[in-house]
There are 2 protein chains.
Amino acid sequence: MTQIKICPGSCDTGAKMQHAAFKLDKVDCSACPIRHRAVCARCEEDELERLNAIKFYRSYKAGETIVWAGDAMDFVASVVGGVASLSQTMEDGRRQMVGLLLASDFIGRPNRNTVAYDVTAVSDVTLCCFRRKPFEEMLVDTPHISQRLLEMTLDELDAAREWMLILGRKTAREKIASFLSIIARRESATDGAEVGSDVAFDLPLTREAMADYLGLTLETVSRQMSGLKRDGVIRLEGKRRVLVPDFNLLLDETGDDADGGVLV
Amino acid sequence: MTQIKICPGSCDTGAKMQHAAFKLDKVDCSACPIRHRAVCARCEEDELERLNAIKFYRSYKAGETIVWAGDAMDFVASVVGGVASLSQTMEDGRRQMVGLLLASDFIGRPNRNTVAYDVTAVSDVTLCCFRRKPFEEMLVDTPHISQRLLEMTLDELDAAREWMLILGRKTAREKIASFLSIIARRESATDGAEVGSDVAFDLPLTREAMADYLGLTLETVSRQMSGLKRDGVIRLEGKRRVLVPDFNLLLDETGDDADGGVLV
DNA sequence: GGCAAATCTTGATCTGGGTCAAGGTGTGCC
DNA sequence: GGCACACCTTGACCCAGATCAAGATTTGCC
């Protein structure tokens, strides 16, 4: 059972919230788990109210397609919880994931009403959707939104470029290690957990989806996961939970600069 | 001799301008070859004047490094003419190009004063540079600039994602064919030439740079170019000039949808 | 013109990861 | 409990593209 915590703020009880528990009515933005990271992060009260008037929530089950490439989409959205992916498929079935969308990430392109990639719910996903037209109008007269969107787009571009190095030049083992460390970093950022030497997290993707992400086959993904386990770099609990006894050991396997540019 | 035409407007004499011919003084923006495509595309007269006050030109010879990854950069810039690249290098020398910057493309990230990738002049390059601080200020109070920058960043993100499919899933031959058709498309857009069946253009990159772009070795690039030539898909004049007798033949080799989503 | 350096081509061989195939493990449903 | 389905692992073999190597072509410089 894939459970994603989207507990707003300081929900640290053992009880894990299911997505379904996030009621799909107009939620007060101030209680929203992504209030300070999403496209609305910099909005003032009055701006939030305008957004509130054009927003609605939608949920998708794991595996469901949210939109197909080329289809019209009459809204843009923020991922409130869960994981979605952007992917391209060639005629003969080869598929490449080109975006992995976690909580607070933005879906859709302003001033373009069709979508260029398949958008798929990887786990159960909840979106906070804004009607396209009024959102585009707000974009024009609300710098707090357009500036935040620019910043988020630049971050995504950086991520895409890091990904290009992974796809173009890394070995299968380095790809897996890079993927694991990216997920570990993002998860711990979300949890706000201490980045101690001991890291543990649930993989949000199946082996097949990891293969689509990394430009590999699922067999190779499986073999490399086994390899990293055999060599003591990771441990596995079930198929999805990953324990990293020594994070630096994992980083050594990524092929990246030891502790290179400490970009703060 | 790599010659890049940066003739503003309707310069269609046979005489090819060298970069050096573009005088590095304060050029009047209205005569600028990228006036309507760069980050300043939507600016009004008064906004251009503000930009004019903070701009200066710089030129680089082919092969020169413009900035190294991690270095501080006290300006942002538009490519006026020539071709530059963004690339990442791993410790052991493996290199991946992550951006190819042609005329009108933007260099630098607002609100971040170090650069994340090596920026290199691939051919002789001229930049129109804006001092960072005042540019960032203008970004805040000049929606014409921030909106255009958002649009350009979204375009680059789309290009990066197309590139990810190429890197992750295409064969060497498909990579080369995809690269050639991308260049052909961009070149003809620049020339404003008719997209007839007969297309001809100069490759802006060496075989090695193409390899860095496509995640291949230079030997494989050379072999695949020879293969496409042998099969009549392209013809070569010297090493750099490419003639495409039937553009659809080239498109067939890219592995992409025949005439898929006609995204207008 | 002639030499050196850069760039490109082609050949021979090797290998990482793909492909094909078989079976294992976990989970939900009747 | 047991069956079905989704997901994962492992093995055997193969091939596209890397690597190593030699030489061809082009360009620039004296």
Side-chain angles (χ1 to χ4, degrees), chain A residues 1-3 61-64 90 92-96 122-123 166-179 202-231 234-242 253 255, chain B residues 1-3 61-64 90 92-96 122-124 166-177 179 202-231 234-242 253 255:
Chain A
M1 193 193 309
T2 309
Q3 289 185 321
K61 294 257 122 219
E64 238 181 300
M90 296 170 67
D92 60 6
R94 281 176 283 174
R95 192 180 314 167
Q96 177 64 52
V122 170
S123 66
I166 292 174
L167 287 173
R169 292 302 184 191
K170 291 196 176 180
T171 66
R173 176 182 258 241
E174 288 169 342
K175 284 178 174 183
I176 298 289
S178 300
F179 172 75
D202 285 316
L203 287 174
L205 303 184
T206 64
R207 299 288 184 267
E208 187 179 23
M210 285 174 64
D212 287 346
Y213 186 112
L214 297 169
L216 297 171
T217 59
L218 71 89
E219 293 95 328
T220 298
V221 171
S222 186
R223 270 187 260 271
Q224 297 299 332
M225 290 287 288
S226 301
L228 288 174
K229 180 175 152 195
R230 189 182 327 110
D231 299 344
I234 58 173
R235 260 175 298 149
L236 297 174
E237 273 180 10
K239 302 197 154 198
R240 290 303 193 85
R241 186 143 192 89
V242 178
E253 298 290 344
Chain B
M1 192 195 311
T2 308
Q3 289 186 319
K61 294 260 124 215
E64 238 182 300
M90 296 170 67
D92 60 6
R94 282 177 281 174
R95 190 180 316 165
Q96 176 64 52
V122 170
S123 67
D124 291 355
I166 291 174
L167 287 174
R169 293 302 185 193
K170 290 195 175 179
T171 64
R173 175 181 260 241
E174 288 169 343
K175 284 178 174 182
I176 298 290
F179 172 74
D202 285 316
L203 286 175
L205 304 184
T206 65
R207 300 288 185 266
E208 187 180 24
M210 285 174 63
D212 286 345
Y213 185 112
L214 297 169
L216 297 170
T217 58
L218 71 89
E219 293 95 327
T220 298
V221 170
S222 185
R223 271 188 259 272
Q224 296 299 332
M225 291 286 287
S226 301
L228 288 173
K229 180 175 152 195
R230 190 182 328 109
D231 300 344
I234 59 174
R235 260 174 299 149
L236 297 174
E237 273 180 10
K239 316 220 133 171
R240 291 303 194 83
R241 185 144 194 90
V242 178
E253 298 289 345

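Here the structure is a predicted model, which means the values were calculated and not measured. In what follows, every chain begins at residue 1, and chains take the letters A, B, ... in the order their sequences are listed.
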Can you tell me how far P of dC7(D) sits from CE of Met225(A), to the nearest Å? 16 Å

Write down the distance between NZ (Lys229(A)) and P (dC8(D)), rounded to a whole number of angstrom. 13 Å

Can you tell me how far apart CG (Leu167(B)) and NZ (Lys175(B)) are? Round to the nearest 0.5 Å. 5.5 Å

For Leu236(B) and dT7(C), what is the distance between atoms CG and P respectively, to the nearest whole Å? 18 Å

Send over the distance from Ile176(B) CD1 to dT9(C) P, rounded to a whole Å. 10 Å

For dA6(D), does OP1 or OP2 lie under 4.0 Å from any side-chain N or O of Arg207(A)? no

Can you tell me if Arg169(A) uses its side chain to pair, donor with acceptor, with the backbone of Leu216(B) under 3.5 Å? yes

CG of Asp212(B) versus P of dA18(D): gap in Å, rounded? 12 Å

Arg240(A) CZ to dC7(D) P, in whole Å, measures 8 Å

Only pairs under 3.5 Å count here: list side-chain donor-acceptor contacts from residues 203-215 of chain B, not counting sequence neighbours, and write none if there are none.
{"residue": "Thr206(B)", "atom": "OG1", "partner": "Glu208(B)", "partner atom": "N", "Å": "3.4"}
{"residue": "Thr206(B)", "atom": "OG1", "partner": "Ala209(B)", "partner atom": "N", "Å": "3.0"}
{"residue": "Arg207(B)", "atom": "NH1", "partner": "Lys239(B)", "partner atom": "O", "Å": "3.4"}
{"residue": "Arg207(B)", "atom": "NH2", "partner": "Lys239(B)", "partner atom": "O", "Å": "3.2"}

Applying side-chain contact (heavy atoms from CB on, under 4.5 Å), name anything that partners Thr217(B), two or more places apart in sequence or on another chain. Glu219(B), Thr220(B)

Output yes when a side-chain donor or acceptor of Ser226(B) lies under 3.5 Å from a complementary backbone atom of Ser222(B), and no otherwise. yes

How does protein reach along nucleotides 12-26 of chain C, written 5' to 3' as B (base within reach of a heavy atom under 4.0 Å), S (only sugar-phosphate), or - (no contact)? B----SSBB------

Going through the distances and angles, do Thr171(B) and Arg94(A) end up as a side chain to side chain contact (heavy atoms under 4.5 Å, CB included)? CA-CA 11 Å; Thr171(B) 64; Arg94(A) 281 176 283 174; 4.2 Å; yes

Any side-chain N or O of Thr206(B) under 4.0 Å from OP1/OP2 of dA6(C)? no

What's the CD1-C1' distance between Ile234(A) and dT9(D), to the nearest Å? 14 Å

Please report, rounded to the nearest Å, how far the C1' atom of dA6(D) is from the CG atom of Leu205(A). 16 Å

